[in-house]
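Working notes for the structure below.
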Protein chains: 2
Amino acid sequence: MSDLLERLRGRGWRMTAQRRVVAEVLDGDHIHLTADEVHARAVAKLPEISRATVYNTLGEMVSLGEVVEVSTDRRAKRYDPNAHRPHQHLVCAQCGTIRDVHPTGNPLTDLPDSERFGFTISDVEVTYRGTCPNCASA
Amino acid sequence: MSDLLERLRGRGWRMTAQRRVVAEVLDGDHIHLTADEVHARAVAKLPEISRATVYNTLGEMVSLGEVVEVSTDRRAKRYDPNAHRPHQHLVCAQCGTIRDVHPTGNPLTDLPDSERFGFTISDVEVTYRGTCPNCASA
DNA sequence: ATCCTACAATGGACTTTGTCTAAGTCAAGT
DNA sequence: ACTTGACTTAGACAAAGTCCATTGTAGGAT
Ligand SMILES: [Mn+2]
Ligand SMILES: [Mn+2]
Ligand SMILES: [Zn+2]
Ligand SMILES: [Zn+2]
């Protein structure tokens, strides 16, 4: 049973077959699927699920804070069920593989006052790019 | 005269009216325009310039390393003529204003070996988000 | 000054990613 | 079982970007 599904159920969410399969598809570590990838996998379990429902459901999960939107490339947004622990991403520039990473320290302290232009900063997003071992050996 | 234009001319680029206006539009500090914004401003100087040419020209400038693509939001890519000095970005979550910032230190050192999954890391991208002074006072 | 041609520009069709709506369906409380 | 508001659906629509066949031209050659 999906951990994500448990958390959603506890919020008085109306449970439908569609929402169940979307939650199931998102279960796991280092999961960062696009909406259409989620749809393709959901269709395998529930053939009549529509694209609009997948977009709606993902959007609601994001609003509830149970899923995070990630934009590591400039293409489609990706949906990350690992929302309970803040983390950053490491992306292979060749194959697109994405890993969750946890840098030490706080990147905020690296931005001096003179570089803040009077902004109140609330969030920092870090994306590391490189080549994964698989692509390096090929 | 645009600094960017000077650099491009020195690379044996065939100079056309279209390329000139695109380079002129990109001149300045803290410039991060979308392709369509570049097109709109270019049309003001050269009414018959096409959208495809703007996309082509921006793409070539990126290939030459004279312009950097920036994706601070999940909408359109933005084009940044400040390519000669590496920097990061500070974005206002309300109005979208983008400032170039230069954090101290190297964010790479914050990622321990145990969090690198065997990747060879070549690049780090940092985006700070917050509220600009203008939006804060409103 | 004119010619030539490889490179550049154009407009429109097409693709991808995502949003919206009107109509139909269903989960869950009574 | 009934009711009802919430959920789902298909398809139209939109924004951002790519691709291509055709037309135009910058800049070197004559
Ligand atoms: Mn993640
Ligand atoms: Mn910049
Ligand atoms: Zn790879
Ligand atoms: Zn602002």
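The chains referred to below are lettered A, B, ... by the order of the sequence lines, with proteins before strands, and numbering in each begins at 1. The figures here come from the full heavy-atom set of this structure, side chains too, leaving out hydrogens, waters and symmetry mates. Everything quoted here is computed from the prediction, not taken from an experiment.
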V124(B) and L111(B): CA distance, side-chain angles, deciding distance, side chain to side chain contact (heavy atoms under 4.5 Å, CB included) verdict: CA-CA 11 Å; V124(B) 190; L111(B) 194 64; over 6 Å; no

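- In this structure, the CD atom of Q18(B) is 10 Å from the P atom of dG11(C), given to the nearest Å.
- Atom CZ of R85(B) has 12 or fewer neighbouring heavy atoms from other residues, nucleotides or ligands inside a 6.0 Å radius.
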Give the B/S/- string for nucleotides 21-30 of chain C, one per nucleotide from 5' to 3', where a protein heavy atom under 4.0 Å of the base yields B, of only the sugar-phosphate yields S, and otherwise -. -----BBS--

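- The pair R74(A)-E125(B) counts as a salt bridge, with a side-chain nitrogen and a carboxylate oxygen less than 4.0 angstrom apart.
- Remark: P of dT8(D) and CG of L46(A) are 10 Å apart, rounded to the nearest angstrom.
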Table please: side-chain donor-acceptor pairs of residues 54-64 of chain B below 3.5 Å, with sequence neighbours left out.
| from | atom 1 | to | atom 2 | distance (Å) |
| --- | --- | --- | --- | --- |
| N56(B) | ND2 | A52(B) | O | 3.3 |
| T57(B) | OG1 | T53(B) | O | 2.7 |
| E60(B) | OE1 | R19(B) | NH2 | 2.9 |
| S63(B) | OG | G59(B) | O | 3.2 |

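- L58(B) has its CG atom 14 Å from the C1' atom of dA9(C), to the nearest Å.
- For the pair E60(B) and Y79(A), nearest-nucleotide mapping onto DNA chain C gives the more 5' position to E60(B).
- In this structure, NE2 of H39(A) is placed 12 Å from C1' of dT8(D), rounded to the nearest angstrom.
- The closest side-chain heavy-atom distance from V25(B) to E37(B) is not below 4.5 Å.
- Of the residues in residues 61-78 of chain B, those lying under 4.0 Å from DNA chain D by heavy-atom distance are A76(B), K77(B).
- The distance between atom CD of E37(A) and atom C1' of dG18(C), rounded to the nearest whole Å, is 15 Å.
- Between F117(B) and P133(A) there is no side-chain heavy-atom pair separated by less than 4.5 Å.
- E48(B) has its CD atom 12 Å from the P atom of dA9(C), to the nearest Å.
- In the displayed structure, R116(B) atom CZ is contacted under 6.0 Å by more than 12 heavy atoms of other residues, nucleotides or ligands.
- Rounded to whole Å, atom P of dG12(C) lies 17 Å from atom OH of Y55(B).
- Between the CD1 atom of I49(B) and the P atom of dG11(C) there is a distance of 10 Å, rounded to whole Å.
- Note on R19(A): only backbone sugar-phosphate atoms sit closer than 4.0 angstrom, heavy atoms only; bases stay farther off.
- For dT8(D), the OP1/OP2 oxygens have no side-chain nitrogen or oxygen of S50(A) closer than 4.0 Å.
- Between the side chain of R51(B) and the base of dG11(C) there is no donor-acceptor pair of N/O atoms closer than 3.5 Å.
- Ring-centre distance between H32(A) and H30(A): not below the 6.0 Å cut-off.
- Looking at heavy atoms from C-beta onward, I49(B) lies in side-chain contact with V22(B) at the 4.5 angstrom threshold.
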